[in-house]
Amino acid sequence: MPSPSTPLLISGGTLIDGSGNAPIPGTDVLVDGDRIVAVGATGTLAEQVPAGTTVVDATGCTVMPGLIDAHCHSTFDDVQSNDELFFHRPPVAAALVTAFNLPKLLRAGVTSFFDPDTVHGIGPQVRDGLNAGLFEGPRMATGVQALLTSVGGTAGRLIPDEGEVGYAAVVNTMEEMVTTTRRQIKYGADWIKIHATGSIPTHMGELQVWTLDEMKAVCDTAHALGVPVTAHCRNATSTRDAAIAGVDLILHASFLDGEALEAVIASGAAVCPTFTFLANLADYGDAVGASNGMTSIFRGEIDATAAMLRTAYDEGVRLLCGSESGFALTPYGHWHARELEVFVDALGLSPLEAITCATRNNAFAMRMDGQLGVVAEGYRADVLVVDGDPLADIRIMQDKRRLKAVVSRSRSVDLTAPWPERGRIAGEKVGNWAAEVLTYDRAMQAVGRS
Ligand SMILES: [Zn+2]
């Protein structure tokens, strides 16, 4: 960021450092110029505190690293349908609404996020704009567009047979897979994303739509250029093959079986299960007319996957916390910390372990291991002051009123400004003519002339 910040002393709080260490009461944290300069017992940093330092009183509060969201679609604009997402977000509109939405993440305590695939591939330009200080937002690591085979992804037949649409780039041959990977890296991809499973209308659940060899070709190409690969895998075989192919970060890993679990453990891949979308559908979908009585199915996917991922966690697999924010069921600034609650409830992690996943572990998705996600000397200056104890109730992390301070790149975020609100952009919504079909009998029934 171009403009200089003043030093901040966050004083007197209980420190949860993000590395899994037990909390330390009575801690001072000094930040300056996007670095954590010193951490020590309250009152012991006096000699290091420069004149003009702003003091944040954290007495009675928890001080912890800023949250990292390891799966956030920052360019989707809380869309209500795939139709809206793919056909009602032209490139400039997508960029404008992205810049409008990003401050909401900071307001929710998210100081970094990983966005695997972006509408029209604008991710690297958004990231570079953020880094240059064009608009306010967290740190960003980004993909360009997701690579899909012509079977498609989760948008079924909305995906064309070739070419690009929205966040998708269709790659039909091994040659196209390699070329598109190289091209995305040329245009600034921090990560390459493969959509390893997809849905077609005649099939229940998602099918594996990439072969092992195809995934391996992308991994080998990206790795040779120093770029890691992530893959959306919503069944067991795709999770297994992605791990064998060398995918670095597996998204979802739904319904993984023993074979897939073994492959993941052997490969050292990280897993970001992203239960939040399913959990919101299961628990709150009815409230917004979304779930159509499928609550138990979504809860079933969480439970089946969580049971296996608990074993993965115990075997040392790195689990990341991601919210899949960017959809109407996961709007920006509301659900980024929900995954921690699901990690506690469904995976049986302790709140401290869940926080470690969302901070130190998630630095992997930012490609900033050892630099981000821990409150310790030398780390980047992203710090939260939370009114309350998230170890007693992890759900308080979802309540923005509990955030007393959000420090992003050593600057305090203004938490008093009104929440960003906007009107509708012409043409951005998909309208239905009717919610049901108007037959003659239905009409007569409605007017009482049956
Ligand atoms: Zn996603």
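Scope of the values below: all heavy atoms of this structure, side chains included, with no hydrogens, waters or symmetry mates. Note that ligands are numbered from 1 as they come in the structure, with each ligand's atoms numbered from 1 the same way. No experiment lies behind these values; they were computed from the predicted model shown.
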In Phe275, Phe277, Tyr284, the residue satisfying ring-ring contact (aromatic ring centres under 6.0 Å, His included) with Trp335 is Tyr284
Query raised in the report: Would one find an N, O or S atom of His71, in either backbone or side chain, under 2.8 Å from the Zn ion (ligand 1)?
Result: yes
Looking at the Zn ion (ligand 1), is there an N, O or S atom belonging to Glu324 that lies under 2.8 Å away from it? yes
Check your understanding: Donor-acceptor pair, Arg310 side chain versus Leu347 backbone, under 3.5 Å?
Key -> yes
For His73, the N, O or S atom at the shortest distance from the Zn ion (ligand 1) is NE2
Counting only heavy atoms not in Lys216 (residues, nucleotides, ligands), do more than 12 fall under 6.0 Å from its NZ? no
A quick test of your reading: do over 12 heavy atoms of other residues, nucleotides or ligands sit less than 6.0 Å from CG of Asp161?
no
